[in-house]
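As structure tokens, the structure follows; a few thoughts come after it.
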Amino acid sequence: MGGLRSSIQDNTVIQYMMGFSGDIGADWTWDAYAMEGKTTISTAQTGNLNTQRIQELLEAPDGGASRCEGGYNPFGRQTVSQACIDYVSIDNTTVNELNQRIWQAYVSGDAFELPAGMLSTVFGIESRKFEYDFNPGALSGPVSGLNAAAPAGGNNNFFDIFAEAFIPVLEGVAFADSLDLSLGFRISESEFEDTVKNIKSKKDRNNAFKAELSWVVTSDLPRIRTSFQKAVRAPNFGELFNQSLSAPQYFDPCSVGTDFRNITGAAGAALCQATGVNNTNVYVQSPGSQTRTDLTGNTELGPEKANTFTLGAVQTFDSGLVIAVDYYNIDIKDAIISPNPQLVIADCYNYYGNNPNLSADYAPCRALVRGGGGDVTQVNNPVTQEGTTPTINGGYIKTSGIDVQAAWSFEPAWLQGNRLKMDLYVNHLLEYETQQRDYLPAVKYEGTVGYFGAGLGESFPEWKANLNTRLTLGDFDIALRGRYIHGMDNRLTPEFPLETSPQGVGSVTYWDSSVTYNIGTNYSFRLGLNNMFDKAPPVYSPNVQSGTDPSLYDVVGRRYTLSANIKF
């Protein structure tokens, strides 16, 4: 009724930086800098509706005619007057303001000589202070359309001490042309303050470190490299301070015709009725229906903690070919993840075997709130049974995979002195598993494509590859790039394992090309052709947005670009 929902964003960034450096004797240097910046993000929105005014029109004895011309009749295809559209529509502007003040100082230099070379070190301190303020405008009221939100604001303060060292362990011995060790350590003290609720957290202290080893047995064998790191990620502004409404799409096992209903029969129908479905014989989930989840920030959050292990090898050949193969394994504990209502719904209806008796008293079932039509209108917190769900340090994320990179630059005789360069990058995702809360199951998402509610960046193809080729002919560079994305199952497949697999996507390959004309070293002109075969994105349901995942696939189609690069 209010037209298309749209938003126009205006970003203003102002930043100042000043730094100094100098020498301390012959072998040491010092560096210091300070930076201050401010970012203002204004988002003008159209298409929102005032929920309270719509309710007034529906409840008015005259159908709302006394409030706006013609009133509002929601049944059938009825024309709504412009006066009523204006009466219920809200044009809104949200404003985000972020301020930062950062300063850092460090000294670096050679500490002393070892048999294999010089031990080099860096020591430093750093202060980071951030201020955040969010004004939701009319979104803090009863709004339908873009998600409702509440005012939020707060401060983040960090003070760090860090040190790094490069240690040459061996050089020129029988089993090691070179063996080098790099060590790093950081102590970070943090404090948060919610300026809207006037809540200040206690100070928290966390450590991070790294150890990297590089080993060359002989020049004829690959360089072996491995690393182990403990990393931490402090919670962001939204996780600390924001209160917001999330309205993701969901899958309803109680809808007539689902595999759950067909397998469980009368017992499944009884559970659906006990959890709020009035007539299980005819209930069908509304198309595109969404469920509500109320999220709140938490200033007592601690950082996420990740252990990262890598092991790889690099080989350089006389032909100019360089190949690198690396295995990575990342384990994030105390992960800060918003709970997925799909998993609460699936757990209630025994998709994971936790409710074998199909009991309506099972906590995830009591967390479901159904409306008069039977759809799940809200998913509460299964632990507290409250309507709001705060962010907490719960669950984990595990991922592992293999990266392969190859680069080859050569001048074949048939090019008569010109050069051909090729780069290949391949990623094979072995695992992506997450558990969002202790009361939710662990789910493996590798090889799945995301849907609306999971968010952008939540598609995980098992194979991705990029191939870049560049041919230099005099003053011209001719480039060709291929991008490959492997086919995937729908994300609902591992979340509702009893159901017949919903629609997934096939493999997609994009090809881009460009020609660059170089005029000396300071000027160049480039003509590009992206998605040269006008490959359409795969369309599937349920999807992330507009029938596909725009964070992964090309939704624009074939397009031409023209650019100039001038160096002074």
Side-chain angles (χ1 to χ4, degrees), residues 2 5-11 38-56 88-99 130-157 191-201 234-248 290-301 336-341 344 367 369 371 376-394 436-437 452-453 455-456:
R5 287 179 289 177
S6 65
S7 61
I8 300 175
Q9 196 170 87
D10 182 20
N11 295 352
K38 179 178 181 179
T39 300
T40 303
I41 305 172
S42 298
T43 305
Q45 302 171 343
T46 62
N48 288 314
L49 301 177
N50 187 314
T51 309
Q52 182 63 41
R53 289 194 170 184
I54 293 177
Q55 190 70 25
E56 292 174 0
V88 300
S89 297
I90 297 177
D91 290 338
N92 181 60
T93 299
T94 64
V95 180
N96 267 299
E97 288 190 0
L98 303 98
N99 294 277
F130 305 95
E131 298 174 358
Y132 168 69
D133 181 76
F134 173 64
N135 183 351
L139 290 188
S140 60
V143 173
S144 298
L146 298 165
N147 288 342
N155 302 322
N156 298 12
N157 297 321
E191 186 177 31
F192 313 123
E193 180 183 11
D194 189 320
T195 55
V196 173
K197 299 178 181 177
N198 197 25
I199 298 175
K200 195 170 186 177
S201 72
N236 60 37
F237 293 126
E239 295 160 345
L240 288 166
F241 310 123
N242 277 4
Q243 302 178 52
S244 62
L245 164 66
S246 175
Q290 299 167 250
T291 186
R292 170 180 175 141
T293 303
D294 293 318
L295 306 174
T296 61
N298 180 9
T299 55
E300 294 301 316
L301 284 173
I336 305 170
I337 316 174
S338 298
N340 182 355
V344 179
V369 179
V376 180
T377 58
Q378 182 158 333
V379 177
N380 293 332
N381 188 332
V383 175
T384 64
Q385 299 299 318
E386 296 177 351
T388 57
T389 302
T391 52
I392 62 172
N393 293 103
Q436 299 179 345
R437 293 289 192 274
F452 181 76
L456 301 176

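Nothing here was measured: the structure is a model prediction, and the numbers come from that model.
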> Do T299 side-chain atoms and F192 backbone N/O form a donor-acceptor pair below 3.5 Å?
Replying inline: no
Residues V344 and P382: closest non-hydrogen pair is CG1-CG, 3.9 Å
When rounded to the nearest 0.5 Å, the distance separating CG of L98 from OG1 of T39 is 6.0 Å
Closest non-hydrogen atoms of K200 and E300, given as atom of the first, atom of the second and distance, are O-OE2, 4.4 Å
Rounded to the nearest 0.5 angstrom, the CG-OG distance for N92 and S7 is 11.0 Å
May I ask you to decide if I337's main-chain N or O and R437's side chain share a donor-acceptor pair within less than 3.5 Å?
yes
Residue set satisfying ring pair (Phe, Tyr, Trp, His ring centres under 6.0 Å) with F452, at least two apart, ordered chain then number -> none
d(N157 CG, E131 CD) to nearest 0.5 Å is 8.5 Å
Y132/N242 under side-chain hydrogen bond (donor to acceptor under 3.5 Å, both in side chains): CA gap, chis, key distance, verdict: CA-CA 10 Å; Y132 168 69; N242 277 4; 2.8 Å; yes
Should S89 and N48 count as side-chain neighbours, where that means a heavy-atom distance under 4.5 Å? no
By ring pair (Phe, Tyr, Trp, His ring centres under 6.0 Å), F130 pairs with (sequence neighbours left out) none
Shortest non-hydrogen pair, V143 vs T51, comes out as C-OG1, 3.2 Å
Quick note, side chain to side chain donor-acceptor pair (under 3.5 Å) partners involving residues 380-392, not counting sequence neighbours, are Q378-N380
Between the CG atom in D194 and the CG atom in L240, the distance rounded to the nearest 0.5 Å is 8.5 Å
ask   = Just wondering, more than 12 heavy atoms not from N198 lying within 6.0 Å of its CG?
value = no
Nearest heavy-atom approach of D91 to G47 is OD1-N, 4.5 Å
To the nearest 0.5 Å, atom CG of L301 lies from atom CD1 of I336 at 5.0 Å
For P341 and V379 the tightest heavy-atom approach is CB-CG2, 3.7 Å
Rounded to the nearest 0.5 angstrom, the CD-CG distance for Q45 and L139 is 4.5 Å
Tightest non-hydrogen contact, residues G137 and S140, listed as O-OG, 3.0 Å
